[in-house]
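Structure first, then comments.
Residue numbers start from 1 in every chain, and the chains themselves are labelled A, B, ... in the order their sequence lines are given, proteins ahead of strands. A quick note: this is a predicted structure, and the numbers were derived from the prediction, not measured.
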Protein chains: 2
Amino acid sequence: MAATIRDVARLAGVSPSTVSRAISLPGMVNATTRARVTAAVEQLGYEPNRAARGLITGRTGTIGLVVPDLANPFFASITKGVQARARQHDVAVFVADTDEDPAAEAGLVRALSKQVDGIVLCSPRATDDELTAIAQDTTVVLVNRTAEGILGITYDNEDGMRQAVAHLVALGHRRIAWVGGPATSWSTQHRGLGLRNAVEELRARLVPVGNFAPTYEGGMAAADQVLATRATAVVAYNDLVAIGLLARLHARGISVPGDLSVVGVDDITMSRMARPALTTVRLPKQEAGRIAVELLLAMLDDPESSVGTQGTLHGELIVRDSTGPAPYNRKVP
Amino acid sequence: MAATIRDVARLAGVSPSTVSRAISLPGMVNATTRARVTAAVEQLGYEPNRAARGLITGRTGTIGLVVPDLANPFFASITKGVQARARQHDVAVFVADTDEDPAAEAGLVRALSKQVDGIVLCSPRATDDELTAIAQDTTVVLVNRTAEGILGITYDNEDGMRQAVAHLVALGHRRIAWVGGPATSWSTQHRGLGLRNAVEELRARLVPVGNFAPTYEGGMAAADQVLATRATAVVAYNDLVAIGLLARLHARGISVPGDLSVVGVDDITMSRMARPALTTVRLPKQEAGRIAVELLLAMLDDPESSVGTQGTLHGELIVRDSTGPAPYNRKVP
DNA sequence: GTCGAGTCTGCAATCGGTTGCAGGTCGTGT
DNA sequence: ACACGACCTGCAACCGATTGCAGACTCGAC
C-alpha cells in the first residue's frame, strides 16, 4: 500500500541504501542524487516504516508515560507537557493509566518497556526498591519524586511550603494546620518537612491533622478535624483536598477566609473556579512533563552522561480569595 | 539483550517456527511440545518483539487517539476509557493532543496514521469534508460526532436535552435560556435541536443567547445575557460553561437556584464540587472511549463488516442543587 | 602513465519474527 | 503389506529498513 524505500529508489534511479542515506545522513550523498531522492520521496509521499527501522536500529522512537490517573487534572497536565515536547522530537508517546493501583504498575511498566525506548513514570506510591528494580532494565525518568540513582524531575516542596507559610504568617496566622496526603507519598513527606522548617523559621506553630486521601472526599473528611485544632489557617496536601475542605467548611457555616484561611498546592484549573477562589502554590506541571522528556531523551542519546540526574522546578504562590487576615478572637499567641 | 524467538527455540529444542506457532496458533502444535515451548518462554521471560511482528503482519498492535485538549476533563475521561479497553485487548495507545488547533489536526492524524492500525478521533470542530478525507486512507472511529460513512460513537443529545427540559418544566420553569458552544460544533447543533424539540413538546419557550467558548470564561461571558432574557432557568452547553455562569451569577448577587436554575451537560468531576453542586446531564465518557476501541478493533478485524457503523450512548440527568422551583415573580406565561 | 586519496554508491547481511510449502511420522483401513 | 490421510514440524522466503564493506570513479600529483 504505502510506498517503500525500494519504490523511492526505483523512481530516483538509485539503490535503497542511497535513499536511506540521503534521508538520515545527507552529508554522505552527492547533492544532485540527494535532490533526485528527495524529489522521489516527495512525489510518493514516502515515510520510512518505523517498525522496520526500529528492528535494525533497536530504537522504536517511542516513549511510555505511566500515570496513576488520567482524570486527575494534575496528571492530565503532566501528560499534556510530555506529549507536546515528545512531538517536537518526533517521538510518539504511549500513555498508560494504572487506575491508582500501585500493584498493577510494575507489570504495566514491564510490558511497556519492551515496546518503548524509555519511560516517564509518575509513581507517588511505589517504594524506592520497586523503582530501582524497574530502572534496572529500562531507562526511566521519575516525575515528582526521587529515588536513589534514578533520573528525575521534582518540585522544590520546601520552598513552596515556605512561600505559603510566609504568606499566612504575614496575615497574622500563628497556628497552622496541615492536612497530609497518603503517608507513603513522597510529596506528603517533603511538604510536611518543608512546612516544619518554615514554621520554625517564621515562629509559628504547625498542627498536623493526619493523612487523608488526596481527593475531594479526603478534604471533606479532614475539615472537622482541622476545625478542632483551633488553627486559623490550613495548608492542604493539594488543591483537590483544599476544595473538599472548602465544601465541608461551608456546610459547617465556617467563613473562608473570615474564620479560617485555606491554602492548596498544585493550582489545577478547578482552583480558580472554587468559591472562594483558592490560594495555592502553583506547580509548573506541563513544564515538568517537558523536562522529563528532555531528560529521558538525553539519557537515551548518551547513557553515560547521567545528565544532571535530577531537575528541580520551583512553585509559585498564587494568592486568591481563600486566605485573609487571621481573626482576632481565634489568634493564639 | 532481550530473549529472541531463536533463544526460546534452542532452549525448547524446536525450530523458531514452532515457537511462533505455539504462541499464536496453539491448536497447531502438539500438546507436549507446546508445553516445552511455554516452559522455555517462561524461563527466559520472552516477549515477542512487536516491531518484528508488525513488519510481517502489517499490524502494529497500536491505535492512536487524537483529542483537542487532554487537560479538559471531558477528554481526559474519554482517554481513560480508550486506554483501559485497549489494554484489555493488548493494544497500545498513542495519545496526541492537538491543543485545540483544528488546523494541526489533519497533519497530526496523517503522521500518526503511519504508525498505528487505526485512530480514535475526537474532533468537534473539523468539517465533514476534512474528516472524510482523513478516513480515506486510515481506519477512523469518531467520538461525539458523526460524519457520512465514518464509524462513530455519539451521545443521544436529543434525549439528554429532553430530560433536562422535562425536569425544569416540572419545576415550573417555562422560559428557558440556552447558552450554546461554538457554532460549528456538532454537539452545539444537536443539543440546540434537542432543546427546541423538547420545549415545543413540553409547551415551554426556548431563548437562545448565542454561542460562547466551551469554557469557564465562556460561561462568565454569557451570564449577564442570560439574566437579560428574563428566563428562570438556563441550560449550558457543558459543565464548564455552567460553572462559569454560576460564578458570574454569584458575583451579581443572583441566587441559584432561588432566582435562576442552571443545568450543565457532561458531569465532569468538578460539577459535584461546584457551589451549588451542579445539576447536569451525565454523559458516560469512559464508556464512549471503550466502545470506540471496540468499534475500531472490530473494523480492523473485518473491514467489510462495517459493524453497526454507529453507536449511541444515552445520558442521564443528575439532579443536584443548582435547579429548583421557578420563582413566582419571574415566571412568564 | 601510475598511484593514491577522496568521494560516492551498491551489494548483501541483518534485525526478529511469520507463514506457505514440503516432508516426516503415525495410525488406520483394506 | 500398502496406501492414504491426519497431524506436526522444519526450511526458507519475506516484511522494510540500516549499515559494514568493497568497488567505481574522479581528480591531482609525481
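Nearest nucleotide to the A:V29 side chain, out of C:dT18, C:dT9, D:dA17: C:dT9. Out of C:dC8, C:dG10, D:dG16, the shortest distance to the side chain of A:R21 is found at C:dG10. Ranking D:dT9, C:dT14, D:dG16 by closeness to the A:I56 side chain, first place goes to C:dT14. Closest to the A:S15 side chain, of the nucleotides C:dG10, D:dT19, C:dC8, is C:dG10. Here D:dT19 is the nucleotide among D:dT18, C:dG16, D:dT19 with the atom lying nearest to any side-chain atom of A:S17. In this structure, of C:dG10, C:dG17, D:dT19, it is D:dT19 that holds the atom nearest to the side chain of A:T57.
With rounding to the nearest 0.5 Å, the separation of CD1 in B:I150 from CD in B:Q136 is 9.0 Å.
Residues B:S113 and B:I119 form a side-chain contact, since some pair of their non-hydrogen atoms from C-beta on lies under 4.5 Å apart. Between A:F94 and B:V95, the closest side-chain pair of non-hydrogen atoms is not below 4.5 Å.
Separating the CG atom of B:L55 from the P atom of D:dA13 is a distance of 17 Å, rounded to the nearest angstrom. The interatomic distance linking A:R53 (CZ) with D:dC15 (C1') rounds to 16 Å, in whole Å. Atom CD of A:E47 and atom C1' of D:dG16 are 14 Å apart (whole Å). The distance from atom CZ of B:R59 to atom P of D:dC15 is 19 Å, rounded to the nearest whole Å. A straight line from CD1 of A:I5 to P of D:dA17 spans 6 Å, rounded to a whole angstrom. When the C1' atom of D:dG10 is taken as reference, atom CG of B:N30 falls 15 Å away, rounded to whole Å. The interatomic distance linking A:L25 (CG) with D:dA17 (P) rounds to 16 Å, in whole Å. Spacing between atom CZ of A:R34 and atom C1' of C:dT7 amounts to 13 Å, rounded to whole angstrom units.
At the phosphate of C:dG16, neither OP1 nor OP2 sits under 4.0 Å from any side-chain N or O atom of B:Y46. Side-chain N/O atoms of A:T33 include one lying less than 4.0 angstrom from OP1 or OP2 on C:dT9.
Residue A:T4 is in sugar-phosphate contact alone, with no base atom involved, counting any heavy-atom pair closer than 4.0 Å across all strands shown. B:R50 comes within contact range of no nucleotide atom at all, as no heavy-atom separation falls under 4.0 Å.
With B:L70 as reference, B:T79 is the one residue of B:T98, B:T79, B:D99 to meet the side-chain contact (heavy atoms from CB on, under 4.5 Å) rule.
The base of C:dG17 sits with one of its N or O atoms less than 3.5 Å from a complementary donor or acceptor on the side chain of B:R6.
Taking a cutoff of 4.0 Å between a charged side-chain nitrogen and a carboxylate oxygen, B:D137 and B:R110 do not qualify as a salt bridge.
Comparing A:V19 and A:M28, the nucleotide of DNA chain D nearest to each residue sits closer to the 5' end for A:V19.
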